[in-house]
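Each remark here refers to the structure printed beneath this line.
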Amino acid sequence: MRLPFISRRRHEEAIDFLAALHRSNLAHVASKLGDERDARRKAEAELAAEREPRPPVEVEHTELWSLIDWTLWGSGMGDVFREQLADQFIAALTPEQHAQALELIRWWTEDRGREPLGRRRYEDQQRRLHRAVRAVAAERAQAEGYRRTIRRLTDQLLDATGYQGEPLLPAARRALGIDDIKEES
């Protein structure tokens, strides 16, 4: 359909112009679609790489790690993957960031005279408690050894003096640590 007030040549030029414009738009859209498709493929490949199991990252459990782990624990996160997540947080830091964080922690605790933070404080208390329990157990074992020695020495004293089973006074029995009457063998 040709408009009567436009010449045939102008009409063909307009159609050629519109066809070129349409081809240009199609090429632009195809290019954008190709870029989007490439971007989607790249994103899918990255996601697939993230889903692949990675070897565990060896992370030094510094005070910063302890604070992160303690924070995750305090927020209600269980033991299932809390430590792995803390490891990933530490692994994501650059060495400079890690050093700066440790310096801030040192400044907060040592320079200002505060107690250790987070899990380190708990671990210190736990270590002290375990040390105290071991000391009490050692003291009890030593006391039991002393009781056995006292009993043996008492038996030797009674045998050396020719004790024949006459009842000792309760005060003498307590002084010697005798709870029962010695049976003759």
Side-chain angles (χ1 to χ4, degrees), residues 1-140:
M1 168 170 109
R2 190 168 86 67
L3 298 174
F5 54 87
I6 297 180
S7 71
R8 180 175 202 101
R9 188 176 64 84
R10 283 238 189 250
H11 184 291
E12 288 173 2
E13 287 176 358
I15 289 178
D16 289 342
F17 174 74
L18 290 174
L21 183 62
H22 185 65
R23 281 192 302 272
S24 169
N25 284 340
L26 283 177
H28 179 68
V29 168
S31 171
K32 277 184 118 176
L33 287 176
D35 291 346
E36 288 177 9
R37 190 178 22 224
D38 292 344
R40 186 172 3 104
R41 285 182 185 153
K42 183 179 177 185
E44 288 172 354
E46 289 173 358
L47 284 174
E50 287 180 10
R51 287 185 197 132
E52 291 179 12
R54 296 183 198 163
V57 178
E58 289 295 322
V59 174
E60 182 182 356
H61 289 193
T62 61
E63 191 163 357
L64 178 60
W65 182 92
S66 175
L67 280 175
I68 292 170
D69 181 60
W70 192 253
T71 302
L72 293 172
W73 179 84
S75 66
M77 189 168 291
D79 292 336
V80 176
F81 60 92
R82 186 188 75 238
E83 291 184 356
Q84 293 172 357
L85 190 56
D87 288 346
Q88 288 179 358
F89 281 146
I90 294 295
L93 294 175
T94 64
E96 295 80 20
Q97 291 170 328
H98 193 227
Q100 182 181 17
L102 290 175
E103 180 61 25
L104 287 171
I105 291 169
R106 188 198 59 74
W107 172 80
W108 179 258
T109 55
E110 295 172 9
D111 292 352
R112 301 185 88 195
R114 294 199 168 109
E115 291 189 22
L117 301 169
R119 184 170 175 169
R120 180 172 162 220
R121 183 175 185 180
Y122 166 76
E123 289 169 343
D124 288 347
Q125 291 171 347
Q126 185 181 34
R127 201 174 8 257
R128 289 174 56 201
L129 178 64
H130 288 306
R131 191 172 39 239
V133 167
R134 285 192 305 272
V136 166
E139 290 292 325
R140 285 182 179 168

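Along the sequence shown, residues carry numbers from 1.
- Partners of Glu103 according to the salt bridge (charged side-chain N to carboxylate O under 4.0 Å, His left out) rule, which considers only residues two or more places apart in sequence or in another chain, are Arg106.
- When the shell of 6.0 Å around CD of Gln100 is examined, it contains 12 or fewer heavy atoms from other residues, nucleotides or ligands.
- Leu93 and Leu64 make their closest contact through CD1-CD2, 3.6 Å (heavy atoms, listed as atom of the first residue, atom of the second, distance).
- The closest side-chain heavy-atom distance from His130 to Arg134 is below 4.5 Å.
- Considering CZ of Arg82 and CG of Asp87, their distance stands at 11.0 Å, rounded to 0.5 Å.
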Under 3.5 Å, sequence neighbours excluded: what are the donor-acceptor pairs made by side chains of residues 12-27?
residue: Glu13; atom: OE2; partner: Arg9; partner atom: NH1; Å: 2.8

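- Under the side-chain hydrogen bond (donor to acceptor under 3.5 Å, both in side chains) criterion, Gln84 pairs with no residue, sequence neighbours left out.
- The CD atom of Gln125 sits 10.5 Å away from the CZ atom of Arg127 when rounded to the nearest 0.5 Å.
- Separation of atoms CG (Leu85) and CD (Glu83) is listed at 11.0 Å; rounding is to 0.5 Å.
- Between Ile68 and Ile90, the shortest heavy-atom distance links the atoms CD1-CD1, 3.6 Å.
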